[in-house]
Amino acid sequence: MGIVIKDILAVLPENGSDVVKETSIYIEGEKITGIGIQPDGFQEDKVIEGKDRLVIPGFINAHTHSYMTTFRNVADDLSFMDWLFGTIDPLEGKLVPEDAYWGAKLAIMEMMRCGTTTFSDMQMHIHQTTRAVKETGMRAVIGRGLVGGMDGDKVNEAGMSRLNEAYEEMEDGKDCSRLNFRLAPHAPYTCDPGYLKYLAQEAKKKELGIHIHLSESVSECEGTAKDYGCTPIEYAEKAGVFDVPCVAAHCVQVDDKDIEILARHGVSVVTNPASNMKLGNGFAPIQKMMDAGVNVCLGTDGAASNNSLNMFHELSLLTLVHKGTGKTPQCISAKEGFRIATINGAKALGLEAEIGSIEVGKKADLAILNLNTPSMTPRNNLIAGLCYSANGSEVETVLINGQITMENRKILTFDEEEVYREIGKICTRLELDKKTY
Ligand SMILES: [Zn+2]
């Protein structure tokens with residue numbers, strides 16, 4: 001099938017940055033096969049008119065927990081440890097796998113509607129996010145959250161069964177090119193040194209990347225200092241976590257030595273400004289990290305701690321909070337922010353040859369925005385508009401892997417009403433909808 005997006009303004013990479021140009025984009029099968037020049041033998045099956053529209057590479061949400069949408073707005077204004085162990089953990093215990101499937105589907109709906117085309121997920125019910133991804137046409141990198149420890153010199157039963165689940169899920173996802181997998185040790189405070197070391201060795205042996213939470217809160221850092229005499233970053237380094245491609249979520253509480261370690265090992269850091277602010281954890285020093293050569297990308301974290309999966313909202317925070325907290329309006333420019341939300345995420349996930357920018361040969365993962373909207377008018381600087389003015393409602397049409405998954409704001413790949421109905425049933429069963437509103 002040949003799709004042409006005709007005469008459209010497009011955000012295109014140029015010399016390590018991005019520019020906006022008017023062009024036409026040709027798509028055959030899963031890939032972009034021409035920009036500005038129609039490829040030989042192109043068969044035009046579908047035309048998307050580009051007048052008054054802007055096409056961008058789909059956002060890459062590099063850290064989330066998609067199944068947690070069910071817990072949106074149920075545990076707010078709490079400290080990190082009260083939020084996690086006092087409210088969210090007990091609720092998670094009540095979820096059945098089918099709930100995680102509908103939660104992931106709701107997350108995908110929210111992300112797709114706001115121009116996200118890839119997400120990196122840490123979850124605890126295998127086969128559920130994968131099933132939702134397969135059905136919706138979304139792209140994802142999935143990791144079964146791993147929590148465990150050692151029993152003598154052996155990994156304990158809980159740790160081993162979760163790892164085996166992770167491998168079982170990888171088998172299940174082998175037939176879908178939009179699915180990739182990582183090992184996902186949850187955090188230093190839920191994986192003891194022996195278990196984390198074992199997982200790092202497994203990742204190396206199986207050539208898998210790692211997705212982990214690191215240095216998110218002050219209490220986490222106090223814990224590793226007290227128990228092991230080091231920072232969470234040093235703890236992970238010692239365990240060998242950075243000997244494989246590693247995506248570390250948060251890295252809020254880091255010192256100069258930590259940043260040097262992250263840079264030396266080529267660790268990618270996912271910053272999650274909304275979640276870090278909401279849980280009172282602070283701000284990751286991302287300008288310092290970028291100056292040290294760390295690849296920084298962007299994530300929303302789960303809907304229980306954000307409480308939105310809208311990357312426009314996150315991009316706005318990313319490009320604003322550091323200016324405010326550091327009294328440095330020059331830092332994290334709109335152009336830098338946009339790359340953090342797109343190509344840097346692709347690099348973090350090892351997918352930069354396939355996604356993250358609009359280029360010939362890459363997968364057609366695209367979001368088309370209507371520019372005849374108040375937030376994008378006038379068109380003085382469209383990349384600034386994406387960071388500081390847009391809110392996601394401008395996204396009209398989305399393509400993932402060359403497939404049109406949303407057209408004129410209607411999702412084509414699944415039934416949205418069914419998702420609302422099923423989420424409603426889950427919340428009633430879990431007694432979350434206490435009609436307090
Ligand atoms: Zn997280």
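For ligands, and for the atoms within them, numbers begin at 1 and follow the listed sequence. What you see is a predicted model; the values in this text were computed from it and never measured.
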Residue pairs involving residues 322-343 (criterion salt bridge (charged side-chain N to carboxylate O under 4.0 Å, His left out); sequence neighbours excluded): D18-R339
Find out whether the Lys NZ or Arg CZ of K206 is both under 6.0 angstrom from the six-membered ring centre of Y167 and within 45° of the ring's axis. yes
Across all chains, not counting sequence neighbours, the side-chain contact (heavy atoms from CB on, under 4.5 Å) partners of C176 are K134, R178, L179
For P97, what residues pass the side-chain contact (heavy atoms from CB on, under 4.5 Å) criterion, not counting sequence neighbours? H125, Q128
I400 versus G137, closest heavy-atom pair with distance: CG2-O, 3.2 Å
Which protein N, O or S atoms lie under 2.8 Å from the Zn ion (ligand 1), given by chain and residue number? H63 NE2, H65 NE2, H213 NE2, D301 OD1
Between D365 and N401, is any side-chain donor less than 3.5 angstrom from a side-chain acceptor? no
